S.K.: 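Attaching a single structure in C-alpha cells format; questions to follow.
Throughout, numbering of the chain's residues begins at 1 and tracks the sequence. Being a predicted model, the structure only gives us computed values, none of them experimental.
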Amino acid sequence: MKIECCNVSYRYDVPGAGWALSDVDFSLDQGEKVAVIGPAGSGKTTLIQLIDALILPVQGDIRYDGQSVLSLSKAGRLSSIRRRIGVLFQFPEHQFFHETAYDELTFTLRNFFDLDEGEIERRAREVVGRFQLDVDVLRQISPFYLSSGEKRKLALASALLSSPEVLILDEPTAGMDASGRRELIRLIAGLKDVTIILVTHNLEDFLDIVDRCIILSEARLAADIRKDHLIRSLDVFQSAGIVPPLVLRVQDWLAKEGVNLPRTVFDMDQLIGLLMHSR
C-alpha cells in the first residue's frame, strides 16, 4: 500500500491549542522501513494516529493507494484501511487484559475478521513460530507470567497475525534490556514486504535496518533523508534538537581528522570491525 501525506495539518480540539502537525508532506512505498524521529512534542504520535486513520486531517489529506482518507471517512469505510495497518503502541504489554496469552494473541483476528477457529489457530502457529513461541504453551499461561521480552514478542506477533501491509511501531524497544532489544530488532529486520514505520527516540537501535529517516520538529517536517545521506546531514539533526547517532558522529569526526573509511556503516560493531580491518 502506498501512503501519501499531502500537506497534512492537525489541531486538537482544545481551546487555545496550536497545530500538533502542520503542512506535512511525504509518501511511503510498500516495503519501506522508515524511522520517524523528533523531540518530545514534535508531532510523532499525532502523525501515526493520522496514518492509522484514528484521527482525520484538519487540513490536507492522506491517500492510501490513491484513496482519500476524507472520502473513505464520509463513506464509512475507514475500517477497510485500519485492517491493512497493524499498530504496536509503546509498552503494549500494559494493555494486556485476557486470561491466556493465546487469547491475547488472537483477539484481533477473533473480533475483527470473519474467520473460524481452525484458520485462527493456523495463522497463530505460523506467526509465533518466527518468534520462538509455542501456541500450546500460550494457551496455558497468562500473558502476565511471560518475560518482558516474551510479552513484547507476543504483542508484535498479535499485530502481525492479520497480515498487515503496514506496521506502525511506537518505541518498540522501550524498557527492554540489550539482549531483548537485539532480538526484537532482528525480528523487525526480518519482516519482508511489510511497510515498517518506527517511531523512536533510539535511532541508534534501528539505524542499520531502516531505509529513511523522517525528522519532525515543532510540528513540521524538518527533513526526509535517505539513510545513505544521513552522514552528510548531522546539522539537520542538531537544528531539530536531536543528538545524531553516535556511530555517525564518530565517522564524521574521523573524516575531519583525515581518516577515510571505504564506506559508511550504521552499527557500532561494524564500525569497530572496519577500523580494525583498515589498520
Side-chain angles (χ1 to χ4, degrees), residues 1-8 21-39 42-44 46-48 50-51 60 62-66 85 164-173 184-256 259-271 273-274:
M1 176 166 59
K2 184 180 180 67
I3 299 175
E4 299 168 277
C5 291
C6 308
N7 304 110
V8 170
L21 212 61
S22 180
D23 200 30
V24 169
D25 191 278
F26 67 89
S27 64
L28 301 173
D29 289 325
Q30 184 63 39
E32 284 193 281
K33 289 183 174 68
V34 180
V36 178
I37 60 174
S42 59
K44 301 185 299 296
T46 300
L47 177 61
I48 62 175
L50 285 162
I51 291 175
I62 300 177
R63 298 192 184 108
Y64 307 90
D65 288 338
I85 300 175
E165 297 169 53
V166 179
L167 185 60
I168 299 173
L169 305 174
D170 185 8
E171 300 287 359
T173 56
L184 195 65
I185 292 164
R186 182 190 67 79
L187 291 169
I188 294 169
L191 298 176
K192 307 300 182 185
D193 302 321
V194 180
T195 302
I196 306 291
I197 302 172
L198 285 156
V199 176
T200 181
H201 285 97
N202 298 310
L203 180 59
E204 197 99 35
D205 280 349
F206 301 101
L207 194 57
D208 195 42
I209 70 172
V210 298
D211 303 305
R212 293 160 57 190
C213 287
I214 290 172
I215 302 177
L216 298 178
S217 178
E218 298 180 345
R220 292 184 174 273
L221 179 64
D224 181 358
I225 310 172
R226 303 294 304 180
K227 182 166 72 175
D228 291 344
H229 295 164
L230 288 175
I231 192 70
R232 301 193 294 273
S233 306
L234 301 191
D235 57 331
V236 177
F237 283 85
Q238 294 163 346
S239 297
I242 306 167
V243 177
L246 179 61
V247 68
L248 297 181
R249 285 184 283 138
V250 169
Q251 288 173 90
D252 181 60
W253 176 80
L254 288 170
K256 290 175 180 175
V259 179
N260 296 313
L261 299 175
R263 66 183 186 280
T264 302
V265 294
F266 303 97
D267 175 84
M268 191 59 75
D269 289 339
Q270 292 178 25
L271 178 57
L274 194 61

S.K.: Can you find a pair of side-chain heavy atoms, one from F206 and one from I188, that are under 4.5 Å apart?
M.R.: yes

S.K.: Mind checking the CD1-CZ spacing from I214 to F26? Nearest 0.5 Å is all I need.
M.R.: 4.0 Å

S.K.: Would you check if the side chain of T195 reaches a backbone N or O of G31 as a donor-acceptor pair within less than 3.5 Å?
M.R.: yes

S.K.: Check whether any side-chain heavy atom of D205 sits under 4.5 Å from a side-chain heavy atom of L198, and report yes or no.
M.R.: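 Result no, sub-4.5 Å side-chain heavy-atom pair not found.
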
S.K.: Measuring only between side-chain heavy atoms, which start at C-beta, is L21 closer than 4.5 Å to L216?
M.R.: yes

S.K.: Considering only NZ, NE, NH1 and NH2 on the basic side and carboxylate oxygens on the acidic side, decide whether E32 and R226 come within less than 4.0 Å.
M.R.: yes

S.K.: CD1 of I3 to CD1 of I62: how many Å apart, nearest 0.5 Å?
M.R.: 8.0 Å

S.K.: Rounded to the nearest 0.5 Å, what separation is found between the SG atom of C5 and the CG atom of L28?
M.R.: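 The distance works out to 6.5 Å.
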
S.K.: Please name the pair of heavy atoms, one in C6 and one in D25, separated by the smallest distance, quoted to 0.1 Å.
M.R.: CA-OD2, 3.5 Å

S.K.: Can you tell me if K227 uses its side chain to pair, donor with acceptor, with the backbone of D208 under 3.5 Å?
M.R.: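 Yes; judged by distance alone, with no hydrogens or angles, the pair exists.
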
S.K.: Do you know which two heavy atoms are closest between I85 and P164, and how far apart they sit?
M.R.: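 Scanning both residues completely, I find the closest heavy atoms to be C-CB, 4.0 Å.
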
S.K.: Does a side-chain heavy-atom distance below 4.5 Å link V36 with I48?
M.R.: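 No, every pair of side-chain atoms sits at 4.5 Å or beyond.
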
S.K.: Should we count CG of D193 as having more than 12 external heavy atoms under 6.0 Å?
M.R.: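 Not buried by this count: 12 neighbours or fewer within 6.0 Å.
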
S.K.: Looking only at non-hydrogen atoms, find the nearest pair between P39 and G241 and report the distance.
M.R.: CG-O, 4.1 Å

S.K.: Between E204 (side chain only) and L246 (backbone N and O only), is there a donor and an acceptor less than 3.5 Å apart?
M.R.: yes

S.K.: Start with the C-alpha gap between D211 and V34, add the side-chain angles, then the distance that decides, and say whether side-chain contact (heavy atoms from CB on, under 4.5 Å) holds.
M.R.: CA-CA 6 Å; D211 303 305; V34 180; 5.7 Å; no

S.K.: Got L261 and L271 here, is their nearest side-chain heavy-atom distance under 4.5 Å?
M.R.: yes

S.K.: Identify the heavy atoms of R220 and D23 that sit nearest to each other, and give their distance.
M.R.: NH1-CB, 4.0 Å

S.K.: Hey, is the main chain of Q270 close enough, under 3.5 Å, to the side chain of D267 for a donor-acceptor pair?
M.R.: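 Yes.
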
S.K.: When rounded to the nearest 0.5 angstrom, what is the spacing between CD1 in I225 and CG in L230?
M.R.: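 It comes to 5.5 Å.
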
S.K.: Within a strict 4.5 Å, meaning less than it, do heavy atoms of the D228 and T264 side chains meet?
M.R.: no

S.K.: Pair F237, L203 - check side-chain contact (heavy atoms from CB on, under 4.5 Å), show working.
M.R.: CA-CA 11 Å; F237 283 85; L203 180 59; 3.8 Å; yes

S.K.: Do the side chains of D65 and K2 get close enough for a salt bridge, i.e. N-O under 4.0 angstrom?
M.R.: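 Salt bridge: no.
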
S.K.: Which pair of non-hydrogen atoms, one from Y64 and one from L50, has the smallest distance, and what is that distance?
M.R.: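 Heavy atoms of Y64 and L50 come nearest at OH-O, 3.4 Å.
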
S.K.: Look only at the side chain of R249 and the backbone of P244, and say whether a donor-acceptor pair between them is shorter than 3.5 Å.
M.R.: yes

S.K.: Answer yes or no: is there a donor N or O on one side and an acceptor on the other, between the side chain of K44 and the main chain of H201, under 3.5 Å?
M.R.: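 No; judged by distance alone, with no hydrogens or angles, the pair does not exist.
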
S.K.: Starting at OG of S42, measure out to CG of L47 and round the result to the nearest 0.5 Å.
M.R.: 9.5 Å

S.K.: Do L274 and R263 come within less than 4.5 Å of each other through their side chains, counting heavy atoms only?
M.R.: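 Contact flag for L274/R263 side chains = yes.
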
S.K.: Which pair of heavy atoms, one from V250 and one from M268, lies closest together, and at what distance?
M.R.: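 Scanning both residues, the minimum pair turns out to be CG2-CE, 4.4 Å.
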
S.K.: Measure the spacing between CD1 of I37 and OG1 of T200 and express it to the nearest 0.5 Å.
M.R.: 8.5 Å

S.K.: Under a 3.5 Å distance rule, please check whether E165 uses its side chain to pair with a backbone N or O of Q30 as donor and acceptor.
M.R.: no

S.K.: Under 4.5 Å between any side-chain heavy atoms of L248 and F266, yes or no?
M.R.: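 With C-beta onward as the side chain, the pair touches.
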
